[in-house]
Amino acid sequence: MAIFLDEGSRVVVQGMTGSEGTKHTRRMLAAGTTVVGGVNARKAGQAVDFDGRALPVFGDVAEAMAETGATVSVLFVPPRFAKDAVVEAVDAGIGMAVVITEGIPVHDTAAFWAHAVESGRTRIIGPNCPGVISPGKANAGIIPADITKPGVIGLVSKSGTLTYQLMHELRDFGFSTCVGIGGDPIVGTTHIDAIAAFEEDPETELIVMIGEIGGDAEERAAEFVRDTVSKPVVGYVAGFTAPEGRTMGHAGAIVSGSSGTAAAKQEALEAAGIRVGRTPGETAALVRAALEA
């Protein structure tokens, strides 16, 4: 099995006709994902050729779902149009919207996230995220499909780059699903959401959680793991050397005073029984030792 995305997922790409959308649609298709079409109101009725396979372009997500049975939307939409695009997907009743776009204003994210919660139908992944991949089954986003294989590790991460690194370092064990939740101050799917799903997934034997400085998401996840999770969890927190008061990489990665430091997060995770690596390599070694044991 897998979480959130599997071989039965049918993907539509909002922004498929743009340069990034076209490039990553081709990569998703190469990974075996069932991509059924794209959405661009200005190019509705056209088709885009992907190595001999023509994918239709629809005027909106509702039309795409009606014509193709799409269950997942991946959004490669410029920041100023992203809110309307996500709201369109939510109103159409799509099951999951994977928002790759970075630089979306926080108030726009808050608006479409609240709209999705109110609808009760759409899971938001992101924004500012690499997406979701269930190796060997489907890939929705920009995660390289050739750096790992299907396996027993479930990974949830704020960082795209660290997602790729851990996938590569632990490729001999492989992954059930890797979820990049994004590093913005507001994200649709949290560490807790993914960890809860991995706990219920019989294919996942161990969970890796990658966090970073800023906010308290990792501390809240630690409490959840302590109280409800039976599977082993290994953690990593990026930013042990980050200077106070400076945003590091992601919009949400900023330390203020004693709140949100890597050391504080490590302390909370370890208090919940989660082994924490101080580097990606050390984290991979902890995972390897736990699985080999």
| said: Quick one, Val234 and Met209 - any side-chain contact, counting heavy atoms below 4.5 Å? | reply: no
| request: Check the side chains of Glu203 and Ser176 for a donor-acceptor pair under 3.5 angstrom, ignoring hydrogens and angles. | output: no
| query | Hey, mind stepping through Val152 and Thr204 against side-chain contact (heavy atoms from CB on, under 4.5 Å) and telling me if it holds? | reply | CA-CA 5 Å; Val152 299; Thr204 300; over 6 Å; no
| query | Do Leu269 and Val229 sit in the same hydrophobic cluster, where Ile, Leu, Val, Met, Phe, Trp and Tyr count as joined when their side-chain heavy atoms come under 4.5 Å apart? | reply | yes
| Are Val39 and Val48 co-members of a hydrophobic cluster defined by side-chain heavy atoms under 4.5 Å apart? | no
| Judged by modelled atom types alone, do Glu212 and Ser159 share a side-chain donor-acceptor pair under 3.5 Å? | no
| Just checking, any donor-acceptor pair under 3.5 angstrom between side chains of Thr177 and Ser134? | yes
| All side-chain hydrogen bond (donor to acceptor under 3.5 Å, both in side chains) counterparts of Asp172, not counting sequence neighbours | Arg288
| side-chain hydrogen bond (donor to acceptor under 3.5 Å, both in side chains) against Arg226, all qualifying residues, sequence neighbours excluded | none
| Short N-O contact, Glu20 and Lys23, less than 4.0 angstrom | yes
| task | Among Ile133, Val208, Val179, Ile207, find the one that has a side chain to side chain contact (heavy atoms under 4.5 Å, CB included) with Leu155. | result | Val208
| note | Smallest heavy-atom separation, Ala222 atom then Ala272 atom, equals O-CB, 3.2 Å
| task | State plainly whether one hydrophobic cluster holds both Ile143 and Val187, where clusters connect Ile, Leu, Val, Met, Phe, Trp and Tyr through side-chain heavy atoms under 4.5 angstrom apart. | result | no
| message | Within the 4.5 Å heavy-atom criterion, are Val287 and Phe173 side-chain neighbours or not? | response | no
| request: Enumerate the residue pairs fulfilling salt bridge (charged side-chain N to carboxylate O under 4.0 Å, His left out) with a member in residues 101-113, sequence neighbours excluded, ordered by first and then second residue. | output: none
| query | Under 4.5 Å between any side-chain heavy atoms of Cys129 and Val98, yes or no? | reply | yes
| query | If you look at every heavy atom in Ala92 and Val61, which pair is closest and at what distance? | reply | CB-CG1, 3.8 Å
| query | For the residue pair Pro280 and Leu162, what are the closest heavy atoms and their distance? | reply | CG-CD2, 3.7 Å
| field | Least distance between heavy atoms, Asp184 atom then Pro127 atom | value | OD2-CG, 3.7 Å
| message | Walk me through whether Leu55 and Leu29 qualify under side-chain contact (heavy atoms from CB on, under 4.5 Å). | response | CA-CA 11 Å; Leu55 292 183; Leu29 287 166; 4.0 Å; yes
| Under a 4.5 Å cut-off applied to non-hydrogen side-chain atoms, are Ile100 and Val74 in contact? | yes
| request: List in chain and number order the residues that pass side-chain hydrogen bond (donor to acceptor under 3.5 Å, both in side chains) with Asp91, two or more places apart in sequence or in another chain; answer none if no residue qualifies. | output: His115
| query | Is there a side-chain hydrogen bond (donor to acceptor under 3.5 Å, both in side chains) between Thr33 and Asn139 once you walk through the steps? | reply | CA-CA 6 Å; Thr33 311; Asn139 184 10; 5.6 Å; no
| task | Step by step, work out the side-chain hydrogen bond (donor to acceptor under 3.5 Å, both in side chains) result for Glu199 and Thr228. | result | CA-CA 9 Å; Glu199 172 71 6; Thr228 65; over 6 Å; no
| request: Please report the closest heavy-atom contact between Pro105 and Pro79, naming both atoms and the distance. | output: CD-O, 4.5 Å
| query | Between Glu267 (side chain) and Ala263 (backbone), is there a donor-acceptor pair under 3.5 Å? | reply | no
| task | Write out all pairs satisfying ring pair (Phe, Tyr, Trp, His ring centres under 6.0 Å) with one or both partners inside residues 22-47, taking only residues at least two apart or from two chains. | result | His24-Phe76
| said: For Glu270, is there an ion pair with Arg275 - N to carboxylate O distance below 4.0 angstrom? | reply: no
| task | Please collect all salt bridge (charged side-chain N to carboxylate O under 4.0 Å, His left out) contacts where either partner lies in residues 2-11, sequence neighbours excluded, each pair once. | result | none
| said: Does any part of the side chain of Val99, heavy atoms only, come nearer than 4.5 Å to the side chain of Val86, both counted from C-beta? | reply: yes
| request: Check for a donor-acceptor pair, side chain of Gln14 on one end and backbone N or O of Ala85 on the other, with a separation under 3.5 Å. | output: yes
| message | Could you go through Phe224 and Glu219, starting from their C-alpha distance and side-chain angles, then the distance that decides it, and tell me whether this counts as side-chain contact (heavy atoms from CB on, under 4.5 Å)? | response | CA-CA 9 Å; Phe224 178 81; Glu219 288 89 340; over 6 Å; no
| Is there a donor-acceptor pair closer than 3.5 Å between any side-chain N or O of Thr189 and the backbone N or O of Ile124? | yes
| task | Determine whether Val132 and Ile142 fall in the same hydrophobic cluster, where Ile, Leu, Val, Met, Phe, Trp and Tyr are linked whenever their side-chain heavy atoms lie under 4.5 Å apart. | result | yes
| field | Side chain Lys231, main chain Phe198, donor-acceptor under 3.5 Å | value | yes
| message | Is any side-chain heavy atom of Val13 closer than 4.5 Å to one of Met28? | response | yes
| query | Does CZ belonging to Arg121 count more than 12 external heavy atoms closer than 6.0 Å? | reply | yes
| query | Tyr164 and Pro130: which non-hydrogen atoms are nearest, and at how many Å? | reply | OH-CB, 3.4 Å
| said: Within the structure provided, determine whether Pro56 and Glu67 are in side-chain contact (heavy-atom separation under 4.5 Å). | reply: no
| Atom pair CD1 (Ile153) and CZ (Arg171), whose distance is rounded to the nearest 0.5 Å | 12.0 Å
| CD/Glu292: more than 12 non-hydrogen atoms of other groups inside 6.0 Å | yes
| query | Which residue, Leu286, Leu166, Thr283, forms the side chain to side chain contact (heavy atoms under 4.5 Å, CB included) with Tyr236? | reply | Thr283
| task | Taking the side chain as every heavy atom from C-beta outward, state whether Glu88 and Phe112 have any atom pair closer than 4.5 Å. | result | no
| query | CD of Glu282: more than 12 outside heavy atoms within 6.0 angstrom? | reply | yes
| query | Same cluster for Ile125 and Val87 if Ile/Leu/Val/Met/Phe/Trp/Tyr side chains link at under 4.5 Å? | reply | no
| field | Polar side-chain atom of Ser157 near backbone of Gly180 as donor-acceptor pair, under 3.5 Å | value | no
| request: Can you measure from CG (Asn128) to CD1 (Ile104) and round to the nearest 0.5 angstrom? | output: 8.0 Å
| task | Start with the C-alpha gap between Glu205 and Leu291, add the side-chain angles, then the distance that decides, and say whether side-chain contact (heavy atoms from CB on, under 4.5 Å) holds. | result | CA-CA 8 Å; Glu205 296 180 10; Leu291 288 173; 4.3 Å; yes
| Separation of Lys137 NZ from Thr34 OG1 (nearest 0.5 Å) | 13.5 Å
| Can you tell which of Lys158, His191, Gln266 makes a side-chain hydrogen bond (donor to acceptor under 3.5 Å, both in side chains) with Glu218? | Lys158
